[in-house]
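Here is the structure we will look at.
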Amino acid sequence: METALYGPGGFFLRPEGPAGHFRTSVHASPLFAGAVARLLAEVAAELGTDDVAVVDMGAGRGELLTGVLSAVPAGLRVRAYAVERAAPPEGLDPRVSWVAEPPAGVRGLLFANEWLDNVPVDVAERDGSGTDRYVEVAPDGTERLGAPVAGADAAWLARWWPLREPGERAEIGRSRDEAWARAAGTLAAGLAVAVDYAHTAGARPPFGTLTGFRAGREVPPVPDGSCDITAHVALDACAAASGGAEAGGAEAGGTGPVSGTGAGAAGGTEAAGGTPADAPSPGRSGLLPYGTRLVTQREALRRLGVSGGRPPIETARTDPAGYVRALARAGQAAELTARGGLGDFTWLLQRVPGEGYCPA
């Protein structure tokens with residue numbers, strides 16, 4: 001998987017970039033970057049500074065940072081870092097620093113949108129004798145069962161994704177846990193956010209999620225560099241690896257170290273029309289956690305002001321052009337928050353406390 005994605009001729013090093021093959025929230029609408037910009041402003045306010053960093057993990061071609069820089073409020077000085085193994089694109093905003101690793105010791109927001117799902121993982125399958133074995137894959141996609149899973153990988157399976165029946169599979173997420181802990185650990189203070197399609201303990205898919213994508217279509221995950229190879233992320237395990245949860249993963253209802261795994265988990269219920277009944281005042285979303293939180297993208301974006309609600313019909317008479325623009329924004333917001341689509345992504349938010357970082 002590592003070679004297929006990042007080696008010579010690897011999928012993510014191809015000139016067309018990821019956007020040539022699949023559509024993420026960043027590409028779906030500028031509303032997503034605007035929401036991230038609002039979150040960055042909230043982090044800066046809690047840090048008590050007007051000089052803040054934003055670090056984009058797996059930056060692709062810099063699309064998210066370009067949108068964030070165009071949307072940040074006046075007076076906020078932003079140091080932007082794109083963490084990416086591919087070469088920078090032509091015409092990149094000169095305010096963006098293109099780096100191979102996240103900078104250490106910065107204060108601000110680290111944001112990883114659909115990064116962890118491409119951190120390479122090993123796959124395990126339970127054989128007929130009840131032994132968990134690594135799945136070995138040839139360059140043409142041919143599979144066979146290999147050696148028994150042992151050591152730290154076996155311990156990870158036992159804690160986070162135990163296999164019970166022959167034929168069941170799991171993606172061993174230890175490499176992702178370590179990658180997330182390293183990334184979040186580079187912040188001196190602020191907020192680390194990972195956004196991905198995810199699952200948590202008690203709801204793991206029995207046969208795994210490893211798959212491929214090419215030119216907008218799902219394809220077999222053949223590791224020859226011709227397609228994206230991806231798997232859903234055990235975000236509860238990632239949270240625990242960086243000190244955000246106890247054994248057993250996330251807890252629903254907001255009672256544990258990781259809170260808010262269900263609908264409406266960011267706080268409050270929803271009123272008619274799809275907006276939170278206890279919606280925060282402008283400038284404060286109520287999204288920032290005191291520790292660690294898992295919420296759906298639908299809830300996170302609504303907290304940050306992205307709603308799919310249609311504009312009032314009377315606006316069509318008083319301001320036809322404005323009505324059309326608002327209708328287009330509502331359509332984009334609906335895509336970002338849709339059930340069964342992007343809205344079902346999970347946001348892992350982890351506060352990184354530091355000197356001068358005082359929760360409101």
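Quick note: residue numbers are just sequence positions, from 1. Quick caveat: nothing in here was measured; it's all calculated off a predicted structure.
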Check: residues 75-83 side-chain donor-acceptor pairs under 3.5 Å, at least two apart:
| unit_1 | atom_1 | unit_2 | atom_2 | d |
| --- | --- | --- | --- | --- |
| Arg77 | NH2 | Asp50 | OD1 | 3.1 |
| Arg79 | NE | Asp51 | OD1 | 3.1 |

Can you see whether [X] engages [Y] through a side-chain donor-acceptor pair at a distance of less than 3.5 angstrom?
X	Y	result
Glu114	Thr24	no
Ser226	Arg214	yes
Ser25	Gln297	yes
Glu335	Ser29	no

Path from Val219 to Phe213 over hydrophobic side-chain contacts below 4.5 Å: no

Contacts of [X] that satisfy side chain to side chain donor-acceptor pair (under 3.5 Å) - sequence neighbours left out:
X	value
Trp156	Asp177
Glu171	Thr209
Arg174	Asp153, Glu178
Thr142	Asp140

Pairing residues for [X] by the salt bridge (charged side-chain N to carboxylate O under 4.0 Å, His left out) criterion, not counting sequence neighbours:
X	result
Glu136	Arg144
Glu125	Arg169
Arg95	Asp93
Asp319	none

Any Ser242 side-chain heavy atom under 4.5 Å of Arg182 side chain: no

Candidate pair Phe32 and Leu342, rule side-chain contact (heavy atoms from CB on, under 4.5 Å), full reasoning: CA-CA 11 Å; Phe32 188 80; Leu342 294 174; over 6 Å; no

Atom of Val121, atom of Gly173 and distance for their closest heavy-atom approach: CG1-CA, 4.4 Å

SB check Arg164 Glu168 (cutoff 4.0 Å): no

Arg293/Glu299 ion pair, N-O < 4.0 Å: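 So Arg293 does not pair with Glu299 through a salt bridge.
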
Residues that Tyr197 engages under ring-ring contact (aromatic ring centres under 6.0 Å, His included), provided they are two or more places apart: His232, Phe345

Partners passing ring-ring contact (aromatic ring centres under 6.0 Å, His included) against Trp347 (at least two apart in sequence or in another chain):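 Phe111.
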
Of all pairs that satisfy salt bridge (Lys or Arg N to Asp or Glu O under 4.0 Å), the ones with a partner from residues 186-206, not counting sequence neighbours: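 Checked against salt bridge (Lys or Arg N to Asp or Glu O under 4.0 Å) - neighbours excluded - the pairs reaching residues 186-206 are Arg204-Asp236.
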
